Amino acid sequence: MDKNILIIGLNSELAQDTIKELKQNNWNIYATSRQIGMIDEKVREFHLDVTNEMDFIHLKEKFKDFRFDVILNFAGIAIAGAVEELDELELKKQFDVNYFGLLRIIKYFTPFLNQGGRLVNVSSMASYGIFPFLSPYCSSKAAADILLNSFSIENDVKVVSIRPGAIATKFWETSIELNKNTFNSQKEKFKSEKEFLVENANRNSLHATSPIYVAKKIAQIVGLKNPKPVYNIGLDAKLTKLTRFLPPKFTNKLIKLALKMRIKKKK
């Protein structure tokens, strides 16, 4: 029997690759984005800005006769910068999408899950929190994973956190544009680090893990009868997970050294 999936964040390149995989497995696909008309007639689309609660209220009424087997969330942005230079409004924007967006999905859409249905959130290896100059992104992903896990315990709903490493998508180009004021700052402190972040983002957009590979993995996970609570996709994500088992002092020294070496190599 065909199953129904609701995908949040259709404008994500990774979401579109995942949809291509899901269509081959006979899923009935419903999807939301800020700009509809992005896929084909086989995908039923709805407008949704995850930062706008009125959009959720409107869709809740539309979904009253729907039931989903899976809700899959791709919505996310990445704010970067040194902690001492962070703009509070930018930090709030980060959490409004990655954390409060997930909270709104839980509050408004999980009541439409079938019995035994699950909520799948595309998180990131950033949720392990070891990446300097990416603390807004890391902390929002970590907080979202905690929210997801607590929701599962409280309601006995299956949840899955998918934590990929860097993926070769336009997400990185979008992130550069989103953080251009920070990256173009004339302050000398952290100048080399900011230049490295931009170059690394550009490199990731071309040479990181293939989005098709990650999409195939996500589609497989979505189709599992009893998925694990967490999946790390990509060698970088799996290596990052290992830092959980190391003393923080050692991990921090390792990260500092690796960053210095990569910046020096760039020069």
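Since the structure is predicted, the reported quantities are computational estimates derived from the model, not experimental observations. Values below: every heavy atom of this structure, side chains too, minus hydrogens, waters and symmetry copies.
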- Query: Can a donor-acceptor pair be found between the side chains of Asn26 and Asp2 at a distance below 3.5 Å?
  - Reply: no
- Task: Could you verify whether a donor N or O on one side chain and an acceptor N or O on the other, from Asn114 and Asp69, lie under 3.5 Å apart?
- Result: yes
- Neighbour count above 12 (heavy atom, 6.0 Å) for Ile212 CD1: no
- Query: What are the two closest heavy atoms between Phe95 and Pro136, and how far apart are they?
  - Reply: CE1-O, 4.2 Å
- Query: Checking side chain to side chain donor-acceptor pair (under 3.5 Å) against Tyr128, which of Thr243, Asn232, Thr251, Thr240 comes through?
  - Reply: Asn232
- What one should report as the nearest heavy-atom pair of Gly76 and Phe171 is O-CE1, 3.7 Å
- Answer with yes or no after comparing the ring centroid distance for Phe63 and Phe109 against a 6.0 Å cut-off, counting only values under it. yes
- Message: Please report the interatomic distance NZ(Lys241) to CG(Leu239), rounded to the nearest 0.5 Å.
- Response: 11.5 Å
- Item | Side-chain heavy-atom pair Arg34, Leu48 within 4.5 angstrom cut-off | no
- Message: Looking at every non-hydrogen atom in both residues, tell me the closest pair between Arg118 and Ile221 and how far apart they are.
- Response: NH1-O, 4.0 Å
- Task: Flag yes if Val120 and Ile218 sit in one hydrophobic cluster, no otherwise; membership is Ile, Leu, Val, Met, Phe, Trp, Tyr, and two members link when side-chain heavy atoms are under 4.5 Å apart.
- Result: yes
- Message: Side chains of Ser161 and Arg163, heavy atoms from C-beta outward: is any pair under 4.5 Å?
- Response: yes
- Asn4 (side chain) donor-acceptor with Trp27 (main chain) under 3.5 angstrom: no
- Task: Output, in order, the C-alpha distance, side-chain angles, deciding distance and verdict of side-chain contact (heavy atoms from CB on, under 4.5 Å) for Leu14 and Phe74.
- Result: CA-CA 8 Å; Leu14 183 58; Phe74 285 94; 3.8 Å; yes
- Query: Are any of the side-chain heavy atoms of Ile255 and Pro132 separated by less than 4.5 Å?
  - Reply: yes
- For the side chain of Arg104 and the backbone of Asn52, is there at least one donor-acceptor N/O pair under 3.5 Å apart? no
- Separation between OG of Ser139 and CG of Asn98, rounded to the nearest 0.5 Å: 9.0 Å
- Message: Using side-chain contact (heavy atoms from CB on, under 4.5 Å), reason through Glu195 and Phe183 one step at a time and then give a plain yes or no.
- Response: CA-CA 7 Å; Glu195 290 174 352; Phe183 292 149; over 6 Å; no
- Report yes or no: do Arg203 and Ser205 form a side-chain donor-acceptor pair below 3.5 Å? no
- Query: Would you say Asn11 and Ser33 make side-chain contact, with heavy atoms under 4.5 Å?
  - Reply: yes
- Task: Starting at CZ of Phe112, measure out to NZ of Lys60 and round the result to the nearest 0.5 Å.
- Result: 6.5 Å
- Message: Over 60° means perpendicular and under 30° means parallel, so tell me whether Tyr30 and Phe46 are parallel, tilted or perpendicular.
- Response: parallel
- Is the side chain of Asn179 donor-acceptor paired with the backbone N or O of Thr182 at a distance under 3.5 Å, no angle test? no
- Message: What I want to find out is whether Lys93 reaches Glu90 closely enough, with some N-O distance under 4.0 Å, to be called a salt bridge.
- Response: yes
- Message: Please say yes or no: joined through hydrophobic side-chain contacts below 4.5 Å, possibly via intermediate residues, are Leu246 and Leu242 part of one cluster?
- Response: no
- Message: Is it true that Asp145 and Ser123 share a donor-acceptor pair across their side chains at a distance under 3.5 Å?
- Response: yes
- Message: Quick check: is Phe56 connected to Leu72 through a chain of hydrophobic side chains (ILVMFWY, heavy atoms under 4.5 Å apart)?
- Response: no
- Message: Between Ser12 and Ala15 (side chain of the first, backbone of the second, donor and acceptor by atom type, cut-off under 3.5 Å), is there such a pair?
- Response: yes
- Atom NZ of Lys158 with >12 non-hydrogen neighbours under 6.0 angstrom: yes
- Item | Steps toward side-chain contact (heavy atoms from CB on, under 4.5 Å) verdict (His47, His58) | CA-CA 10 Å; His47 169 78; His58 179 66; over 6 Å; no
- Task: Go through Ile29 and Lys23 one step at a time and tell me if the side-chain contact (heavy atoms from CB on, under 4.5 Å) criterion holds.
- Result: CA-CA 8 Å; Ile29 301 170; Lys23 284 196 293 188; 3.4 Å; yes
- Is there a side-chain contact between Ser135 and Leu86, using heavy atoms and a 4.5 Å cut-off? yes
- Query: Which one of Thr18, Ile162, Ile5, Asn25 satisfies the side-chain contact (heavy atoms from CB on, under 4.5 Å) criterion with Val222?
  - Reply: Ile5
- Message: Let me check something: do Leu113 and Val50 share a hydrophobic cluster, defined by ILVMFWY side-chain heavy atoms less than 4.5 Å apart, either directly or through other members?
- Response: yes
- Query: Can you tell if the side chain of Leu91 reaches within under 4.5 Å of the side chain of Ile79, non-hydrogen atoms only?
  - Reply: no
- Item | Ionic contact status for Glu85 with Lys194, cut-off 4.0 Å | yes
- Looking at side-chain heavy atoms only, is the closest gap between Phe196 and Leu259 below 4.5 Å? yes
- Task: Report the C-alpha distance between Asn28 and Arg44 in whole Å, list the side-chain angles of each, state the deciding distance to 0.1 Å, and finish with yes or no for side chain to side chain donor-acceptor pair (under 3.5 Å).
- Result: CA-CA 9 Å; Asn28 295 319; Arg44 187 166 179 181; over 6 Å; no
- Message: Is it the case that the side chain of Glu173 and the backbone of Asn202 share a donor-acceptor pair, with hydrogens and angles ignored and the cut-off at 3.5 Å?
- Response: no
- Item | Gap between atom CD1 of Ile146 and atom NZ of Lys141 - 0.5 Å precision | 13.5 Å
- Query: So, for Gly129 and Cys138, which heavy atoms are closest and what is the spacing to 0.1 Å?
  - Reply: CA-CB, 4.0 Å
- Answer whether the closest heavy-atom distance between the side chains of Glu45 and Leu10 falls below 4.5 Å. yes
- Message: For Val97, is there any backbone N or O sitting under 3.5 Å from a side-chain donor or acceptor partner on Thr51?
- Response: no
- Is a side-chain donor or acceptor of Ser150 paired with a backbone partner of Leu147 at a separation under 3.5 angstrom? no
- Task: Identify whether Val230 and Val160 are in the same connected component of the hydrophobic contact network (ILVMFWY, side-chain heavy atoms under 4.5 Å).
- Result: no
- Are the side chain of Asn184 and the backbone N or O of Lys180 linked by a donor-acceptor pair below 3.5 Å? yes
- Mind checking the CG-CG spacing from Leu197 to Leu134? Nearest 0.5 Å is all I need. 6.0 Å
- Hey, is the main chain of Ala219 close enough, under 3.5 Å, to the side chain of Glu21 for a donor-acceptor pair? no
- Of all heavy-atom pairs between Ile233 and Lys217, which one has the smallest distance, and what is that distance? CD1-CB, 3.7 Å
- Check: Asn73 side chain, Ile7 main-chain N or O, donor-acceptor pair, under 3.5 Å: no
- Task: Drop me the distance from Asp17's CG to Thr169's OG1, to the nearest 0.5 angstrom.
- Result: 9.0 Å
- Item | Ile106 and its side-chain contact (heavy atoms from CB on, under 4.5 Å) partner, picked from Val159, Leu119, Asn155 | Leu119
- Closest non-hydrogen atoms of Asp236 and Gly165, given as atom of the first, atom of the second and distance, are OD1-CA, 3.3 Å
